[in-house]
Every structure is written in structure tokens, then in C-alpha cells.
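Take a look at the structure set out below.
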Amino acid sequence: MYGAVKVDEEKCNGCKVCVFACPDPNVLTLLKTKKITVNQDRCKACGLCASVCPKEALTVN
Amino acid sequence: MSKDFLRISPAFEDIMPAEYRELVASGPYGKGYGISDLGSHKELLEEHPLCAGCGLALSLRLTLSVLPAPEDTVIVGSTGCSALAFPQVALHNIHSLFGNQNAVAAGLKRALKLRFPDKHKDVVVVAGDGATADIGLDMVMQSWFRGELITTIMLDNEAYANTGGQESGMSPKGAVLNMAPKGKKFQKINMPELAREAGCVYVAAVSPANPKRLGKAIRRAILVAREVGPTYVQIFAPCPTNFKFKPQETIKRIKEREKDGTYLTREYISQEAQEYLAAMEGGNKDE
Ligand SMILES: Cc1ncc(C[n+]2csc(CCOP(=O)(O)OP(=O)(O)O)c2C)c(N)n1
Ligand code: SF4
Ligand code: SF4
Ligand code: SF4
Ligand SMILES: [Mg+2]
């Protein structure tokens, strides 16, 4: 139904700023590798995470 | 309270929903988590039907992630958009008749004090601006006059969002909404000032554009309400659907309003609350 956000792992530094900007729970998770992962099924593609990411590591499809 | 009450009987493990099993395995009960722990554990809020980019959903999510003792917290809600999320919240919560939330919370707090005299049971009202500053204002103010030991949190989206966009007392002057096409004629109510004058010993106006500050305010408000007096936190939670801006602009909108001085972040702490917090906060990581 919705699009979803994609993470560019090369750019992500694991700062979690995106995690604190997402209105939906348990969508963005920090992996052990210190990279962000997205639960695509639950992402509503609002783009708030991308609007705050300092590394421009997130894009909305 | 220990985490034991959550544990699943082994015979039922395979039929419990995955979300419940995840909560037992990695939920926040008894852990004392804060904002910085988000993204690393199962949250109390589950998938919800609020709109994409909803500032209210973000504020609620952040609020629930900093409760000092989720297992000993009861949330009292009211009608409005947040009510649509509460069936998905893994906490004790009560849906009260629209506007009655502070009266229900005050009675509940007193009853819990009688039932559990040696324990802190945090009673936290979470309601919209219409419920708090308009239709429930009587109950809100009277609970503050009486010094009830409860926390009142307003999710301020500056409108009656759930009913399609009427102006509320908290809409800014000039606001145009679906059902307020001529623009609002009077000023936004200054609720933080009213709260202070009415007897709240801790008052804060915050926004999800600064999640750590929001978290700190919620935590302080709940701790202070345990012993010192009533507390109030107002969270600016813009609504893209009714104010017709793009969902990715919610945080940008908050920053613009903070910059032009039409939504001020502020905090008031009474002398007694300051002393109480100073004793509580020594060495606590998220404070
Ligand atoms: C006693 C009563 N009066 C009116 C309503 C209709 N009603 C439902 S939600 C709502 C507006 C809620 O506005 P607000 O508290 O700001 O919450 P929001 O939806 O904006 O989050 C109203 C008037 C109702 N449900 N019950
Ligand atoms: S905000 Fe950007 S850089 Fe930071 S964790 Fe999220 S995706 Fe990675
Ligand atoms: S696009 Fe919106 S819903 Fe999806 S991860 Fe980003 S903030 Fe969350
Ligand atoms: S109408 Fe507004 S406040 Fe209600 S869920 Fe949608 S964006 Fe959020
Ligand atoms: Mg509202």
C-alpha cells in the first residue's frame, strides 16, 4: 500500500537520529553492525527520517 | 513490579501472537530505558493506524519510550486521534468520555494510593488539545486546583483533527481549517501559564523536534507528580493531514514555528519540585 524508505549502508553512521523521528514504532532498528535497517512492511514512507538524517543515507521510494 | 506477570505459560507459548512474545523477550518493562535506547528494543506502541508523518504519533511514541516505570503506569486517554493508537499500546490504559480524562485520572490515582499505599503508581493523562484546553478544561483545571498527583500531557496538534478539522482554543490566530474556512479570530490559549497559575509544580512545552528534551520533560513531570503536585507537559505535534502540508515536513514545521517565536519551548519548575528532582536525578543516565 505504501512505499518504503531505503538505507544506503555506505553512508549510514549509526547515529539513530532517524529512529527518533519516525512516527511508527519498531520500523527503524539499529543492527549490531551499527547500521540502520527498515521494516519495509511497516514503513509508511512519510520521509521524516530522511528529512533529519545528517548523512543523507535514506531515500523514500 | 517484577516482569513475572508478563511471562507466558509454556503451554501457550506457540499460540501467543509474535508481538506479545517479542514484548516478553525484549520489551522495556523494568528496564528504565530512555529515548537513546529506541531502535534497540521492542516498543510499547505497536503498529497503529495514524497518518503517515503524524506529529502526534511521533510524540506519543517518544512519550511511551521514557516512562519511568511502564509496568506501574496507567494512561488515561480521551477521544481524538491518539485514541486510535491506544488499542495498540502494551500498557494499562483507560479511554474516558471525551473531556472527562482528568476527573477519571484523579479518582484512579486516589484509589491506587489506597490499594497500593507503599508503591508509586503513575497516572498519566494523554489527550488532545481539544480534550484538554476546550471540552475538558473544567476537569483539567479543577484537578490542578485540588493538587491531584497526576501528570497531564497535551498532544497539541492545534485542531480537532479526528473530526475533520475544526479550530480549537489551541489553534493559532488566523488558522484556516476544513471546518474553519474564515480563519480563527482569537489567540492560541496560553495553557502553560494557566497550568502554572492553577497549581502545577512542573510545566513544560516541548516538541518531538528535540526528542531528548521531550523525554526529559515527560520523565520529570511523571516523577514530580509522584509526590510534589500536579504536572503539565504540552507537546507540539503538528498534523499534516488537517494543516495540509507534506508528511516529511512535520519536523521542519516545528522548527519554523520555534524560530519565528510562535511556539516556544519552555520549562517551569517550582522550588519544591526542583529540590525533589535534584535528589532523584543524581547519576541517572537520561536526565
Ligand atoms: C462528549 C463528546 N463530544 C464530542 C465528541 C466528538 N469528538 C471526537 S474527537 C473530537 C476532537 C478531538 O480533538 P482533540 O482533543 O484536539 O484531539 P485530536 O483528534 O486533534 O488529536 C471531538 C469533538 C465526542 N466523541 N464526545
Ligand atoms: S540518521 Fe542517517 S546516518 Fe544516522 S542512523 Fe539514521 S540512516 Fe544512519
Ligand atoms: S519513511 Fe516515515 S515511516 Fe518510514 S521509516 Fe521513515 S519515518 Fe518511519
Ligand atoms: S489526522 Fe492529523 S493528528 Fe490525526 S492521525 Fe492524521 S496526521 Fe495525525
Ligand atoms: Mg487536536
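Each chain gets a letter, A, B and so on, in the order its sequence line appears, and its residues count up from 1.
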Check your understanding: L38(B) and side-chain contact (heavy atoms from CB on, under 4.5 Å): which partner among L28(A), V19(A), L30(A)?
Key -> V19(A)

Check your understanding: So, do E47(B) and D24(A) sit near enough that their side-chain heavy atoms are less than 4.5 Å apart?
Key -> no

Check your understanding: Can you tell which of E46(B), E43(B), Q88(B) makes a side-chain contact (heavy atoms from CB on, under 4.5 Å) with P25(A)?
Key -> E43(B)

Point to revise | Contact winner vs chain B - C49(A), A50(A), C22(A), heavy-atom pairs under 4.5 Å | key: C22(A)

**Study point:** Which atoms of L62(B) approach chain A - backbone, side chain, both or neither, heavy atom under 4.5 Å
**Key:** side chain

Check your understanding: E249(B) and L48(A): which non-hydrogen atoms are nearest, and at how many Å?
Key -> N-CD2, 4.4 Å

Review point. NZ of K35(A): more than 12 outside heavy atoms within 6.0 angstrom?
Key: yes

Review point. So, for P23(A) and A57(B), which heavy atoms are closest and what is the spacing to 0.1 Å?
Key: O-CB, 3.6 Å

Exercise for review: Considering only heavy atoms and a distance below 4.5 Å, find which of G53(B), A209(B), G55(B), A85(B) pairs most often with chain A.
Suggested key: G53(B)

**Study point:** K246(B) versus chain A, the contacting section by heavy-atom distance below 4.5 Å
**Key:** neither

**Study point:** Segment of S51(A) engaging chain B (4.5 angstrom heavy-atom cut-off)
**Key:** side chain

Check your understanding: For V52(A), is it the side chain, the backbone, both, or neither that has a heavy atom closer than 4.5 Å to a heavy atom of chain B?
Key -> side chain

Practice item. Answer yes or no: is there a donor N or O on one side and an acceptor on the other, between the side chain of K16(A) and the main chain of S36(B), under 3.5 Å? Key: yes

Study note, to complete from the structure: What one should report as the nearest heavy-atom pair of I251(B) and A21(A) is CD1-CB, 3.6 Å

Check your understanding: Ion pair present between E19(B) and R42(A), side-chain N to carboxylate O less than 4.0 angstrom?
Key -> yes

